[in-house]
Amino acid sequence: METLPFGHPSIVSRIFRDKRVLRESYLPPTLPGRESQIEDFEALLSPLHYNEPVPHILFIGKTGTGKTAVVKQILARKEAEFKDSFIRFEYINCSRANTAYRVFYKLNRIFGILVPPSGLPFDVLYDRFFEALSRSKIRLVVILDEIDIPSKRGDRLLYSLSRINSELDEETTSLTIVGIANTVNFLDRLDERARSSFNPAVIYFPPYNADELQAILLQRARLGLRDGTWEEGAINYIAAKIARESGDARRAIDVLRMAAEIAEKENSIKLTVEHAKKAMDAVSEQELGLAIRSLPLHHRFVLLAIAKLLASGDERPGTGKIYRSYLTITRMHMAEPLTMRRVSGIINELASQGLIETKMSYGGAYGNTKVVTSIIVAPERALKLLGSVAMR
DNA sequence: TATCCACCGGAAGATGGGGTAT
DNA sequence: ATACCCCATCTTCCGGTGGATA
């Protein structure tokens, strides 16, 4: 009986050496393909060694391009380096703390100040934090992951955070924002005031190409799978496929893990290209299934309308058509329909979640509309998945 | 070249539900 | 009890928009 590192005796796996290596939470020893970003980041942080303030920094890149991994790796290093100094790092994920209020709630907690989780005027939280920070005489580096989520009121967050510096004593105290954004045009969408006071140094994270994905997957396979249980061809296949469609490393690793699970379930000795092919679809399906469960009711209705239209042979249904189909669905479920403006917004939300793909269609005298070009899994499968969740 | 279609998407405001302070 | 705060979700309103058509 083999024992995994964390001590639980476990079922011996033929293929996996350590499954955790193929999960999202795992931070590998090196980050292939991100050498230049790491170098740039460290260079920007270097003033800390001379106890000088650091400019604001912004990471820009789509999901699965290594932004969070780079930050976490450098952070671990720097935190050890500056263990006994007046420099402090704080990581905040804005998908949890998704308003300016909640971010400042967390910032206050750094100094042991407990404010109510809601109800107070924002200025009160700001003032308390400012007082505590300027009294503390530390250099604070705040990492704001997924900073584009509070986009509407996010202007206020960035504006109030970045203007703090001008009121602090620069000799001893400063606040640096390290923002991590998924949307490429994040800066353009900020309002004037926020942009000019934030004004960060930008580090770009382009999607991974096939070679980089291959390096990433090889690293994971060597660490997480047993020797001789996988074909390099399978890895090349996944790398090439993902590079073409998104360059998303998280997804590539998901596919590798799924391929290994499938190979294992089939009692195969080796993970082959065939397993990788099956895993591509299986991951999409798993993703959709997971997403659907957390989708609000009317998002499900809209997705159902889209799946129905696509399944009935209508390629590229537009917003108007989708809305009409949505109306009959809400009637069937005796639900009050939302307006077309809102449904149009929901279609965009589904697209940015990666569940569907859309494209503008310019029809001249027939008008312009946004059309859905594809759904993440075959429409018939989508219908099945949607049918299996309660519509209420 | 002007027209016109079928939406697009920003702005602002309504609504309702979470809360605090006094 | 009253007055205030924050916030997510929708609605209402409305000025664009690109290219096929006349």
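First the proteins, then the strands, lettered A, B, ... as listed; each starts at 1.
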- Rounded distance in Å - NZ (A:K359) to P (B:dC7): 18 Å

- What nucleotide, of C:dC7, B:dC8, C:dT21, holds the atom closest to the side chain of A:Y366? C:dT21

- Distance below 4.0 Å between A:T319 side-chain N/O and B:dC7 OP1 or OP2: no

- Hey, do the aromatic rings of A:Y326 and A:Y323 have their centres closer than 6.0 Å? yes

- Message: Ignoring hydrogens and geometry beyond distance, is a side-chain donor-acceptor pair present between A:S284 and A:R251 at under 3.5 Å?
- Response: yes

- So, is A:R156 close to the C:dC7 phosphate, meaning a side-chain N or O under 4.0 Å from OP1 or OP2? yes

- Message: Quiz question: by atom type and distance under 3.5 Å, do the side chains of A:N236 and A:Q214 form a donor-acceptor pair?
- Response: yes

- Message: Distance check needed: C:dC10 P versus A:Y326 OH, whole Å only.
- Response: 9 Å

- Message: OP1 or OP2 of C:dC6 versus the side-chain N and O atoms of A:S118: is any pair under 4.0 Å?
- Response: no

- Task: Taking the side chain as every heavy atom from C-beta outward, state whether A:D40 and A:Y204 have any pair of such atoms under 4.5 Å apart.
- Result: no

- Can you check the A:L157 CG to C:dC7 P distance for me, whole Å? 10 Å

- Message: Tell me the interatomic distance from A:E336, atom CD, to B:dG16, atom C1', rounded to whole angstroms.
- Response: 16 Å

- Are A:K370 and B:dA6 close enough that a side-chain N or O sits under 4.0 Å from OP1 or OP2? no

- Report the residue (A:N368 or A:G119) whose heavy-atom-nearest nucleotide on DNA chain B is the more 5′ of the two. A:N368

- Query: When the distance from NZ of A:K321 to C1' of B:dA6 is rounded to whole Å, what number comes out?
  - Reply: 14 Å

- Task: May I ask you to evaluate whether A:R342 reaches the phosphate of C:dA8, defined as a side-chain N or O under 4.0 Å from OP1 or OP2?
- Result: no

- Note on the structure: Winner on side-chain proximity to A:T369, out of C:dC7, B:dC8, B:dG9, is B:dC8

- Item | Out of B:dC7, C:dC7, B:dC8, whichever nucleotide has its closest atom nearest the side chain of A:R324 | B:dC7

- Item | Check ion pair A:R17-A:D227 (N to O, under 4.0 angstrom) | yes

- Nucleotide of B:dG9, B:dA21, C:dA8 approaching A:R341 most closely (side-chain heavy atoms): B:dG9

- Message: Rounded to whole Å, how long is the line connecting atom OH of A:Y105 with atom C1' of B:dG18?
- Response: 15 Å

- For the pair made of CZ in A:F122 and P in B:dG18, what is the distance, rounded to whole Å? 23 Å

- Task: Please state how far atom CD in A:E349 lies from atom C1' in B:dG9, giving the value in whole angstrom units.
- Result: 13 Å

- Note on the structure: Which of B:dG9, B:dT20, C:dA8 is nearest the side chain of A:P116? It is B:dT20

